Amino acid sequence: MEMNWISIQDERPKIGKPVLLRSSTGVVQEQTYYRDCCDESDFWQDVGDNHDGVPIDPGDSWMYLPKA
């Protein structure tokens, strides 16, 4: 399977769409990208988590979830 990682510096995923997020240390997690209600900051949130997200590390990459 080909891994099509996209740099956060190049493009952001659609807001609210779950993706795979790779940290600058190589850890991969299923996350969702959001903007806050005042449109002032970006954050990631674990899929299914109702807590605050984590700040975006500009070195991260992401990709859409592979089809089953």
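Numbers here are sequence positions counted from 1. From a predicted model like this one, the values you see are computed outputs, not experimental measurements.
Closest of all the heavy-atom pairs between P18 and T32 is CA-OG1, 3.8 Å. The shortest heavy-atom contact between W62 and R12 is CZ2-C, 3.7 Å. Considering every non-hydrogen atom in both E30 and L65, the closest pair reads OE2-CD1, 3.5 Å. The two atoms that bring S61 and S7 nearest to each other are OG-CA, 4.0 Å, heavy atoms only.
Tested against D60, the residues T25, V27, I8 include a single side-chain contact (heavy atoms from CB on, under 4.5 Å) partner, I8.
Between N4 and Y64, the closest side-chain pair of non-hydrogen atoms is not below 4.5 Å. Between L21 and P13 there is no side-chain heavy-atom pair separated by less than 4.5 Å.
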